[in-house]
Amino acid sequence: MSSKSKKPETIAVGAGRMSAEHFGTVNTPVYRTSTILHPTLASLRNEEAARYQYGCLGTPTTESFEHAVAELEGAARTVSVPTGLNAITTAILSVVAAGDHILMVDSAYGPARRFCNGALKRMGVETTYYDPLIGAGIEALLKPNTKVVFCESPGSLTFEVQDIPAIAEVAHKHGAAVLMDNTWATPIYFNALKHGVDLSIQAATKYIGGHSDVMLGTVSANEAYAKRLETFVHDMGLYASGDDCFLALRGLRTMPVRLARHWGNGLTLARWLMERPEVARVLHPALESDPGHKLWKRDFTGACGLFGVVLKPISDAKLTAFMNGLKHFGMGYSWGGFESLIVPANFVRTVKTFPADGPVLRIHAGLEDTGDLIADLEAGFARMEAA
Ligand SMILES: *Cc1c(COP(=O)(O)O)cnc(C)c1O
């Protein structure tokens, strides 16, 4: 691929563009279609390679978006699917069959656990959860029928960094695929496939879209897993609309610039919070004091705006006083848009309890002025004190 030497910023701007086919327009327009008319019977029968066959099998809009993500991920094939959660379930289902076993990281995105414990179990696939910090020790958990090792790094809500290359080496030795939810770092800050991941998952709803106005997921596969991924997506009738792919591609063009600002704003807030008497611990791998910092520094090239804060134990009334009244931090799920957010982190652990005596909060640092954001948090702590 000619993009090998290109920097992510350059790829984000140029990848997937089809100006020559669209009268010189910079952006590929939105195609809304079910039917593609074929000029000949042979084309209709797919005997001659028609570039487009049928709406849900791809249009120039979905292709532009998928090519752009594939180039960023260094993937052989990227598919776009309706949500980030669907990207997780699609990636898993494209690999496993009844009777198989998968290893799922204990710090995984909550709904991914729900899928494993519910639908996947019903289909005869067994899940074992593992400690996110297990590294090469995962070898002890691999069974002859283990087909997937699922990673998420840093972990949802608790931000443990995983040793992906060590896990991948062992998994591959035993014939298991390595799947990774790479939404936190995006392909800009972590090149999953280069670190041994076979299928890299993005909730494009987050930073790729970047404007809290679209729900979308992507799965990017290396050469070995590309064909079965594509076949599975077609067999399932999965499709992401041209409108959503257009919005996500528009977001992707500016993602590196936005991420740099989210990273800076997040670290500024994290460092400020570390000094607060109300705070027990800040969970942010880019902080030198974070247990995952060494691995983060070795493998990642940046950090996004999402991190965690463990507060000292307080009453629910005090937590309520802090949260209610924040002006710049919205209380709502999802993240990766331009705006700051805060939510209490509700997570489940079955392998090892996560050490936190007080409430854990997840903060998304948006693109606002950090002085304004800090003043907002400071006023919240004052309300907490008074409650
Ligand atoms: C939000 C999120 C998802 C799911 O994305 P949706 O588009 O909301 O389905 C998956 N993984 C992580 C880490 C997320 O934060």
Side-chain angles (χ1 to χ4, degrees), residues 65 69 73 78-93 104-116 118-120 132 148 150-162 164 179-190 192 197 199-220 238-241 243-245 247-249 251-252 255 259 262 266 283-285 292 300 303-308 330-337 339-349 360-366:
F65 172 64
V69 175
E73 296 260 25
T78 293
V79 295
S80 46
V81 293
T83 62
L85 178 57
N86 187 262
I88 294 170
T89 61
T90 293
I92 294 172
L93 289 172
M104 173 57 84
V105 64
D106 203 28
S107 54
Y109 174 66
R113 294 183 74 107
R114 197 179 60 211
F115 168 73
C116 292
L120 198 60
V148 166
F150 195 101
C151 307
E152 185 183 332
S153 180
S156 255
L157 304 166
T158 43
F159 303 95
E160 298 94 333
V161 181
Q162 294 194 259
I164 301 291
L179 279 53
M180 178 183 178
D181 185 333
N182 190 26
T183 303
W184 185 87
T186 84
I188 308 293
Y189 290 153
F190 184 71
V197 171
L199 293 158
S200 172
I201 293 151
Q202 294 290 330
T205 306
K206 309 290 168 55
Y207 284 115
I208 293 179
H211 294 74
S212 307
D213 55 5
V214 64
M215 298 213 59
L216 200 63
T218 62
V219 187
S220 300
L238 286 166
Y239 170 70
S241 82
D243 294 271
D244 291 342
C245 288
L247 284 174
L249 186 53
L252 180 145
M255 179 165 64
L259 274 173
H262 285 291
L283 313 170
H284 193 315
F300 292 70
C304 72
L306 194 77
F307 66 98
M331 278 191 274
Y333 293 106
S334 204
W335 48 275
E339 81 286 15
S340 288
L341 296 167
I342 191 165
V343 289
N346 297 315
F347 50 87
V348 175
R349 283 290 189 287
V360 183
L361 303 176
R362 187 186 71 185
I363 291 179
H364 179 248

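Read the numbers this way: they start at 1 and go in the same order the structure lists the ligands and their atoms.
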If you measure every N/O of [X] against every N/O of ligand 1, is any gap under 3.5 Å?
{"X": "Leu85", "value": "yes"}
{"X": "Ser334", "value": "no"}
{"X": "Ser156", "value": "no"}
{"X": "Met215", "value": "no"}
{"X": "Asn86", "value": "no"}

Locate the shortest heavy-atom distance separating [X] from [Y]; write the atom from each residue and the value.
{"X": "Arg349", "Y": "Ser107", "value": "NH2-CB, 3.4 Å"}
{"X": "Ile201", "Y": "Ala91", "value": "CD1-CB, 3.7 Å"}
{"X": "Arg362", "Y": "Ser334", "value": "NH2-O, 3.6 Å"}

Test item: Ser340 side-chain N/O and Gly366 main-chain N/O as donor-acceptor pair under 3.5 Å: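 The answer is yes, because a donor-acceptor pair under 3.5 Å joins these two groups.
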
Donor-acceptor pair, side chain of Asn182 and main chain of Phe190, under 3.5 angstrom: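 Present.
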
Interfacing atoms of ligand 1 (cut-off 4.0 Å, heavy-atom, [X]):
{"X": "Glu152", "answer": "13 (C)"}
{"X": "Asp181", "answer": "10 (C), 11 (N), 12 (C), 13 (C)"}
{"X": "Thr205", "answer": "6 (P), 7 (O)"}
{"X": "Gly84", "answer": "4 (C), 5 (O), 6 (P), 7 (O), 9 (O)"}
{"X": "Trp335", "answer": "15 (O)"}

Location of contacts on Tyr333 toward ligand 1, heavy atoms closer than 4.0 Å: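 For Tyr333, no heavy atom sits under 4.0 Å from ligand 1.
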
Identity and distance of the protein heavy atom lying nearest atom 14 (C) of ligand 1: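 Nearest protein contact, heavy atoms only, for atom 14 (C) of ligand 1 is Lys206 NZ, 2.7 Å.
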
Any Gly217 heavy atom less than 4.0 Å from ligand 1: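 False for this residue.
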
contact_flag Trp184 ligand 1 heavy-atom lt 4.0 Å: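 Flag not set, Trp184 not near ligand 1.
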
Distance, nearest 0.5 Å, that separates CD of Glu160 from CG of Asp106: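 The CD atom of Glu160 sits 8.5 Å away from the CG atom of Asp106.
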
Result of checking Trp184, Tyr207, Phe307 against His364 for ring pair (Phe, Tyr, Trp, His ring centres under 6.0 Å):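 Only one of Trp184, Tyr207, Phe307 forms a ring pair (Phe, Tyr, Trp, His ring centres under 6.0 Å) with His364, namely Tyr207.
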
Side-chain heavy atoms of Leu283 within contact of Val360, under 4.5 Å: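 SC-SC contact between Leu283 and Val360 confirmed.
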
Verdict with reasoning, Phe65 to Ile208, per side-chain contact (heavy atoms from CB on, under 4.5 Å): CA-CA 10 Å; Phe65 172 64; Ile208 293 179; 3.9 Å; yes

